[in-house]
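Following: one structure in structure tokens, then a few remarks.
We count ligands from 1, going down the list as the structure has it; atoms in each ligand are counted the same way.
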Amino acid sequence: MNKKRKISPSILSADFSALGAAVRQVEEGGADWIHVDVMDGHFVPNITIGPLVVKAVRKVTKLPLDVHLMIEKPERYIDVFAAAGSDYLTVQAEACVHLHRVLQSIRQAGMKAGVALNPHTPLCAIEEVLGDLDLILIMSVNPGFGGQQFIPASLDKLKRLRALLGERGLTHIDIEVDGGVKLDNARKIADAGAEVLVAGSAIFDTPDPSFAVQEMKKVLA
Ligand code: DX5
Ligand code: ZN
């Protein structure tokens with residue numbers, strides 16, 4: 001239960017013209033994972049990056065790549081994201097008609113399987129696939145953009161998920177939270193049950209992303 005909290009900086013808010021340097025900066029600051037937001041302009045309004053960028057980031061860091069697919073029909077891209085060097089592949093539950101099959105395919109491709117839940121999606125949507133998961137990502141904003149406000153109701157959802165995993169003896173599953181995570185709410189979010197905190201603008205929209213990671217790690221220590 002007392003797992004060490006992890007920080008997974010989201011490169012969505014990084015300077016894409018100097019992505020390698022941005023990744024190295026947060027690695028120096030003590031980042032645990034690197035969060036990569038893939039958006040297709042269909043599941044979410046925004047279009048961001050794809051497997052080529054994952055492959056490029058893979059070359060500059062040994063940290064686990066935590067790839068968050070906000071795309072329709074993610075099953076079409078499991079193998080390419082595996083080949084690009086993803087360690088965790090997280091799909092949105094709402095985008096999967098056959099979620100069980102998708103999770104199995106992610107593991108078969110050699111990656112850890114994650115599922116993300118939009119703010120409106122209840123925890124019961126994943127109750128039947130808990131045994132097939134390595135990671136559950138609670139979206140604390142509506143996916144699509146960095147820099148949004150944390151939705152306060154996410155705290156209660158995190159607590160209920162933490163309790164559910166405890167009851168089922170599934171505490172090896174990591175609980176991750178994504179959206180609106182800042183220095184001033186990180187402690188509260190971790191106390192509610194999140195083990196992995198994704199932070200984009202709070203890290204990269206600062207003059208010194210390395211220092212921003214260190215500060216957030218201090219808050220969580
Ligand atoms: C939002 C993305 C997030 C985003 C978080 O759809 O999934 O990972 O980068 O950005 P902040 O931390 O700025 O809310
Ligand atoms: Zn994300």
Side-chain angles (χ1 to χ4, degrees), residues 5-16 19 22-23 25-26 29 31-51 53-54 57 63-72 74 77 81 86-95 106 111-121 134-155 157-158 174-190 194-207 209 212-213 215-217 219-220:
R5 311 291 183 206
K6 296 185 177 73
I7 310 257
S8 189
S10 164
I11 59 168
L12 185 62
S13 292
D15 176 359
F16 279 18
L19 195 51
V23 170
Q25 272 183 316
V26 292
D32 299 280
W33 296 355
I34 300 294
H35 187 83
V36 185
D37 287 305
V38 177
M39 304 187 190
D40 65 352
H42 292 278
F43 181 75
V44 288
N46 204 2
I47 300 178
T48 55
I49 58 186
V53 175
V54 173
V57 172
L63 292 180
L65 297 185
D66 168 30
V67 178
H68 177 192
L69 300 185
M70 285 157 277
I71 64 174
E72 286 180 359
Y77 296 99
F81 279 103
S86 313
D87 296 281
Y88 286 80
L89 197 66
T90 296
V91 294
Q92 291 279 155
E94 306 82 7
I106 294 173
M111 297 174 288
K112 304 262 192 199
V115 68
L117 298 180
N118 274 342
H120 76 278
T121 304
D134 302 295
L135 175 79
I136 300 171
L137 172 52
I138 298 297
M139 287 308 298
S140 43
V141 297
N142 289 292
F145 301 93
Q148 302 182 78
Q149 287 281 325
F150 183 87
I151 298 172
S154 315
L155 289 174
K157 196 173 187 182
L158 285 169
D174 281 320
I175 300 179
E176 184 175 44
V177 69
D178 184 6
V181 175
K182 306 282 176 202
L183 206 53
D184 63 4
N185 61 11
R187 183 73 250 171
K188 212 163 42 176
I189 293 167
E195 287 140 352
V196 187
L197 279 74
V198 176
S201 50
I203 304 286
F204 287 109
D205 286 356
T206 66
V213 176
E215 289 293 285
M216 200 170 276
K217 291 213 87 162
V219 168
L220 297 177

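- Closest to atom 12 (O) of ligand 1 among all protein heavy atoms lies Gly200 N, 2.8 Å.
- When distances from the Zn ion (ligand 2) to the N, O or S atoms of Asp37 are compared, OD1 comes out shortest.
- Atoms of ligand 1 found under 4.0 Å from any heavy atom of Met39, numbered from 1 in the order shown, are 6 (O).
- Contact between Phe150 and ligand 1 is absent, with no heavy atom of the residue lying under 4.0 Å from the ligand.
- The protein heavy-atom contact nearest to atom 5 (C) of ligand 1 is Asp178 OD1, 3.5 Å.
- Checking side-chain atoms of Lys157 against main-chain N and O of Thr121 turns up a donor-acceptor pair under 3.5 Å.
- Scanning both residues, Asp37 and Ser10, for their nearest heavy atoms gives OD2-OG, 2.7 Å.
- For the residue pair Gln92 / Asn118, a side-chain donor-acceptor distance below 3.5 Å is found, with atom types taken as modelled.
- Summary of contacts: the protein heavy atom closest to atom 1 (C) of ligand 1 is Phe145 O, 3.5 Å.
- Under the 3.5 Å distance criterion, with hydrogens and angles disregarded, no donor-acceptor pair is assigned to the side chains of Asp205 and Ser13.
- The two atoms that bring Ile71 and Tyr77 nearest to each other are CD1-CD1, 3.6 Å, heavy atoms only.
- A donor-acceptor pair shorter than 3.5 Å cannot be found between the side chains of His68 and Asp66.
- Listed for the Ser140 side chain is a donor-acceptor partner under 3.5 Å among the backbone atoms of Gly179.
- Proximity of a side-chain donor or acceptor of Asp134 to a complementary backbone N or O of Gly114 within less than 3.5 Å is not detected.
- Atoms of ligand 1 lying under 4.0 Å from at least one heavy atom of Met70, given by number and element, are 6 (O), 7 (O).
- Close contacts between ligand 1 and His68 involve ligand atoms 7 (O) [criterion: under 4.0 Å to a heavy atom].
- Around the Zn ion (ligand 2), the angle linking Asp178 (OD2) with His68 (ND1) is 90°, rounded to 10 degrees.
- Using a 4.0 Å cutoff on heavy atoms, Gly179 counts as a contact of ligand 1.
- Nearest to atom 6 (O) of ligand 1 among the protein's heavy atoms is Gly144 N, 2.8 Å.
- In this structure, Ser86 contributes its side chain and Val67 its backbone to no donor-acceptor pair below 3.5 Å.
- When every heavy atom of Ala199 is checked against every heavy atom of Val181, the shortest pair comes out as CB-O, 4.0 Å.
- Of the possible polar contacts, one joining the Asp40 side chain to the Phe43 backbone as a donor-acceptor pair under 3.5 Å is found.
- For atom 14 (O) of ligand 1, the closest heavy atom belonging to the protein is Gly180 N, 2.8 Å.
- In this structure, the protein non-hydrogen atom closest to atom 10 (O) of ligand 1 is Gly146 CA, 3.5 Å.
- Against a heavy-atom cut-off of under 4.0 Å, Gly147 is close to the following atoms of ligand 1: 10 (O), 11 (P), 13 (O), 14 (O).
- Nearest protein heavy-atom contact of atom 13 (O) of ligand 1 is Ser201 OG, 2.5 Å.
- Contacts of Ser10 with ligand 1, taken as heavy-atom pairs under 4.0 Å, involve the side chain alone.
- The ligand atoms of ligand 1 that sit less than 4.0 angstrom from a heavy atom of Pro143 are 6 (O).
- Considering backbone and side-chain N/O of Asp37, one or more are found under 3.5 Å from N/O of ligand 1.
- Shown in contact with Ala199 at under 4.0 Å from a heavy atom are these atoms of ligand 1, numbered in order with element: 12 (O).
- Close approach of ligand 1 to His35 (heavy-atom distance below 4.0 Å) involves ligand atoms 8 (O).
- Checked by atom type and distance alone, the side chain of Asp178 never pairs as donor or acceptor with a backbone atom of Met139 at under 3.5 Å.
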